[in-house]
Amino acid sequence: MASQRIRRIGVLTGGGDCPGLNAVIRAVVKTAIREYNLSVIGFENGFGGLIQNRARELTEKDVVGILPRGGTILGTTNRDNPFHYPVTIKGKTEFRDVSDRVIENINIHDIDALIVIGGDGSLTIAKKLFEEKGLPVVGVPKTIDNDLSATDQTFGFDTALTTATEAIDKLHTTAESHHRVMVLEVMGRYAGWIALQSGLAGGADVILIPEIPYLIERVIDKIMDRQASGKKFSIVVAAEGAREVGGQMVVQRMVPNSFEPVRLGGIGNVLVKQIEEGTGMEARVTVLGHLQRGGSPTAFDRVLATRYGAGAVNLVMAGRFGEMVCLRTPEIKSVALAEAVGELRLVPIDGDLVRTARQVGISFGD
Ligand code: F6P
């Protein structure tokens, strides 16, 4: 491992899939081979592939045509944490630290550095492998939630935002024709970026985000005010993490062994009931779900993902291990993984986006 000269690098995608993963892989492979004459090994299904030694060489041929494709050609998972890995002993599942296996497999493939493309969970593991096992790691920030601190933007967010905005445009027609309240529930986990920006882009009337707890009375007031002024429909965009003042986020399920076991979801149904009761109007919910993670990345995400992929290889060649590429508009820079993980980037409630939304009449239910 980690010979002075870098000859071969590994790459994996971890956590939830996200538009632009393939664009990063493509840029890593092309930059590594063309610019630095390296070979590249891809590990399958996130850290699972590193633990179970499922790996294959990636050549330029393997990345032909993948730039516009969603998903990841390597596969991914948000389970398989090498520091907390389930093993079955005498029919019972126990959790073990199998990180030594990661190092063994890295050595088997003669890999000098590993590029981890992932969100907070995967990058936290990458940081631990760097700090505790001395694995030369470089990170690439991925998530549709856009909630990683230390970068202006993660790739995948712009595509999710575009999908959510298109959904709002489509919901407008039914809302208007049927004089209904249409509620759109979007992803984002504990951050309201997708809800806020799609709501702004799609002309929502109410946006509910985790950072600004709402009062249902205020939401109802807004809808009734619109009614009174002759606007017989309303659009409400709710982040999955939105919650009432003094209330809890709505949890859909728990996923054991996941880096992030809590799955939010269900706020849209709660809101529809409350809105129908409070306004006497008909309301419907659309839960956009994984449509936000699928499909072809936008041009913005393709460019960002390509810059991140090439930037990650440049970091490896500069020996900048334990760091992550990041966007400091307009430049691609890097930051220590230790600084990049752990702290979520939430919507600033007094920031320009929220202020602008309020100025154009959007209610946050507060
Ligand atoms: O972090 C990305 C994300 O899509 C969140 O917005 C969402 O809460 C979660 O992952 C869903 O995870 P899963 O695909 O495991 O249901």
Side-chain angles (χ1 to χ4, degrees), residues 13-21 24 45-48 70-72 74-81 86 116-126 139-151 153-165 167 184-199 207-211 237-243 248-270 285-295 297-298 301 304-305 324 340-347:
T13 52
D17 72 332
C18 174
L21 283 169
V24 180
N45 301 334
F47 289 103
T72 158
L74 288 173
T76 188
T77 177
N78 41 27
R79 296 165 200 243
D80 295 348
N81 177 349
V116 174
I117 310 166
D120 199 50
S122 309
L123 294 177
T124 301
I125 294 170
V140 178
K142 162 242 70 159
T143 168
I144 63 162
D145 303 335
N146 204 28
D147 61 354
L148 277 181
S149 60
T151 184
Q153 196 154 325
T154 53
F155 70 88
F157 169 67
D158 188 67
T159 307
L161 178 57
T162 303
T163 301
T165 303
L184 178 69
E185 178 181 316
V186 297
M187 284 183 164
R189 229 185 269 278
Y190 306 115
W193 294 107
I194 299 176
L196 174 58
Q197 297 208 35
S198 67
I207 299 175
L208 303 177
I209 58 174
E211 295 86 346
V237 179
E240 60 184 357
R243 61 185 172 94
Q248 302 288 324
M249 291 181 187
V250 183
V251 174
Q252 188 195 51
R253 60 158 80 182
M254 300 299 287
V255 184
N257 307 345
S258 169
F259 307 159
E260 173 52 73
V262 180
R263 288 294 174 282
L264 299 174
I267 183 70
N269 276 307
V270 173
V285 61
T286 299
V287 181
L288 205 47
H290 292 82
L291 291 177
Q292 293 156 99
R293 292 231 303 255
T298 58
D301 275 339
L304 185 59
M324 175 190 93
V341 298
E343 198 192 323
L344 289 184
R345 202 172 76 92
L346 300 177
V347 171

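Positions are given from 1, in the same order as the sequence printed here. For the numbers below, each heavy atom of this structure counts, side chains included, while hydrogens, waters and symmetry mates do not. What you are looking at is a predicted structure, and each value in this text was computed from that prediction instead of being measured. When a ligand or atom number is given, it counts from 1 through the structure's own listing order.
Taking T13 as the reference, T72 meet the side-chain hydrogen bond (donor to acceptor under 3.5 Å, both in side chains) condition, with sequence neighbours excluded. With sequence neighbours excluded, no residue forms a side-chain hydrogen bond (donor to acceptor under 3.5 Å, both in side chains) with T163. Not counting sequence neighbours, T76 has no partner by the side-chain hydrogen bond (donor to acceptor under 3.5 Å, both in side chains) test.
Counting all heavy atoms, side chain and backbone alike, G241 lies closest to P210 at O-CB, 3.4 Å.
Between P19 and the choices T298, D158, I144, T162, the side chain to side chain contact (heavy atoms under 4.5 Å, CB included) rule is met once, by I144.
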Please tabulate, line by line, the atom pairs linking an N/O of ligand 1 to a protein N/O at a distance below 3.5 Å, with the distance in Å to 0.1, or answer 'none'.
unit_1, atom_1, unit_2, atom_2, d
ligand 1, 1 (O), D145, OD2, 2.6
ligand 1, 1 (O), R189, NH2, 3.1
ligand 1, 4 (O), R293, NH1, 2.8
ligand 1, 6 (O), D145, OD1, 2.7
ligand 1, 6 (O), G188, N, 3.1
ligand 1, 6 (O), E240, OE2, 3.4
ligand 1, 8 (O), E240, OE1, 3.4
ligand 1, 8 (O), E240, OE2, 2.5
ligand 1, 10 (O), R189, NH2, 3.3
ligand 1, 10 (O), R293, NH1, 3.1
ligand 1, 12 (O), R263, NE, 3.1
ligand 1, 14 (O), H290, NE2, 2.7
ligand 1, 14 (O), R293, NH1, 3.0
ligand 1, 14 (O), R293, NH2, 3.0
ligand 1, 15 (O), R263, NE, 2.7
ligand 1, 15 (O), R263, NH2, 3.0
ligand 1, 16 (O), R263, NE, 3.4
ligand 1, 16 (O), H290, NE2, 3.4

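A salt bridge is absent between D147 and R345: the closest approach of a Lys/Arg side-chain nitrogen to an acidic carboxylate oxygen does not fall below 4.0 angstrom.
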